[in-house]
Amino acid sequence: MIMTEKVRLERREHLPVPLIYLASPEDLALWYVSGLEWALDHGERALSITCYDTQRAFGFDNARAAEKVLRAVTDVLYDHPEAESLTILCGDGESWRAYNFCWNLWYAEHKLEHGEH
């Protein structure tokens with residue numbers, strides 16, 4: 001499976017932040033995995049998650065959150081080949097930069113030079 005064909009990152013403004021409290025990037029990753037697995041169990045194949053500025057919402061680093069979440073959600077895709085796609089919606093500039101940078105670091109054909117992001 002080629003992950004770059006299944007996953008798409010999009011920037012969207014004015015997405016509501018869920019009223020939850022999560023203590024760590026690992027907790028956030030588990031929360032997303034739980035939601036994706038629930039969706040798959042209920043027959044959904046075009047999946048999505050919505051990401052936010054975790055520094056403002058939860059008090060932990062966006063880059064660390066992006067790394068933990070992306071690793072966890074791509075593991076779900078590897079474990080569930082029936083999933084057709086995953087759209088990652090970023091609700092603000094901070095989450096967009098963190099998730100896009102991490103994704104490109106792992107999967108981009110052309111790697112960004114230091115300072116280019």
Side-chain angles (χ1 to χ4, degrees):
M1 165 195 344
I2 299 174
M3 199 55 58
T4 55
E5 293 175 2
K6 278 198 170 189
V7 177
R8 185 177 74 236
L9 277 80
E10 291 182 16
R11 170 100 188 261
R12 296 264 178 97
E13 295 295 325
H14 310 296
L15 295 172
V17 177
L19 296 174
I20 57 172
Y21 175 76
L22 299 164
S24 70
E26 293 80 8
D27 289 346
L28 181 62
L30 289 173
W31 185 71
Y32 283 123
V33 166
S34 173
L36 292 175
E37 288 176 344
W38 184 91
L40 286 164
D41 288 345
H42 288 84
E44 293 184 40
R45 299 298 175 249
L47 307 171
S48 68
I49 63 171
T50 305
C51 302
Y52 307 94
D53 178 352
T54 55
Q55 186 65 50
R56 284 185 52 196
F58 305 119
F60 50 80
D61 184 68
N62 284 299
R64 218 173 123 232
E67 179 184 342
K68 297 297 182 183
V69 168
L70 288 174
R71 186 155 324 275
V73 299
T74 54
D75 284 349
V76 169
L77 294 178
Y78 283 120
D79 292 343
H80 296 276
E82 71 274 18
E84 296 169 1
S85 64
L86 173 65
T87 301
I88 300 171
L89 302 172
C90 296
D92 53 72
E94 294 303 317
S95 63
W96 170 252
R97 282 185 286 282
Y99 281 79
N100 198 43
F101 180 78
C102 188
W103 183 259
N104 285 323
L105 186 65
W106 292 347
Y107 292 105
E109 228 175 272
H110 164 73
K111 303 295 184 195
L112 298 174
E113 296 296 323
H114 180 69
E116 215 180 330
H117 60 91

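When reading the values below, keep in mind they use all heavy atoms of this one structure, side chains included, and skip hydrogens, waters and symmetry mates. In this chain, numbering begins with 1 at the start of the sequence shown.
- Annotation for Tyr99 and Cys90: closest pair CB-SG, 4.0 Å, computed over non-hydrogen atoms.
- In terms of heavy-atom proximity, Leu22 sits nearest to Phe60 at O-CE2, 3.4 Å.
- Here the shortest heavy-atom pairing between Ser48 and Leu36 reads O-CD2, 4.0 Å.
- Among residue pairs with one or both ends in residues 14-26, those qualifying as salt bridge (Lys or Arg N to Asp or Glu O under 4.0 Å) are Glu26-Arg64, Glu26-Lys68; sequence neighbours excluded.
- When all heavy atoms of Trp96 and Arg11 are compared, the pair lying nearest together is CB-CD, 3.6 Å.
- Nearest heavy-atom pair, Leu77 versus Ala83, reported as atom, atom and distance to 0.1 Å: CD2-CB, 3.7 Å.
- At least one donor-acceptor pair closer than 3.5 Å links the side chain of Asn104 to the backbone N or O of Asn100.
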**OP:** Check step by step if ring-ring contact (aromatic ring centres under 6.0 Å, His included) holds for Trp103 and Tyr107.
**Re:** CA-CA 6 Å; Trp103 183 259; Tyr107 292 105; 4.3 Å; yes
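- A donor-acceptor pair under 3.5 Å is formed between the side chain of Asn62 and the backbone N or O of Thr54.
- With rounding to the nearest 0.5 Å, the separation of CG in Leu89 from CD in Glu13 is 12.0 Å.
- Rounded to the nearest 0.5 angstrom, Asp27 CG and Ile20 CD1 are separated by 9.5 Å.
- Residue pairs meeting the salt bridge (Lys or Arg N to Asp or Glu O under 4.0 Å) criterion with at least one member in residues 37-51, sequence neighbours excluded, do not occur.
- Between Ser95 and Cys51, the shortest heavy-atom contact is OG-O, 3.5 Å.
- The ring-ring contact (aromatic ring centres under 6.0 Å, His included) contacts involving residues 19-48 comprise Trp38-His42, where partners must be two or more places apart or lie in separate chains.
- For the atom pair His80 NE2 and Leu86 CG, the distance stands at 12.5 Å (nearest 0.5 Å).
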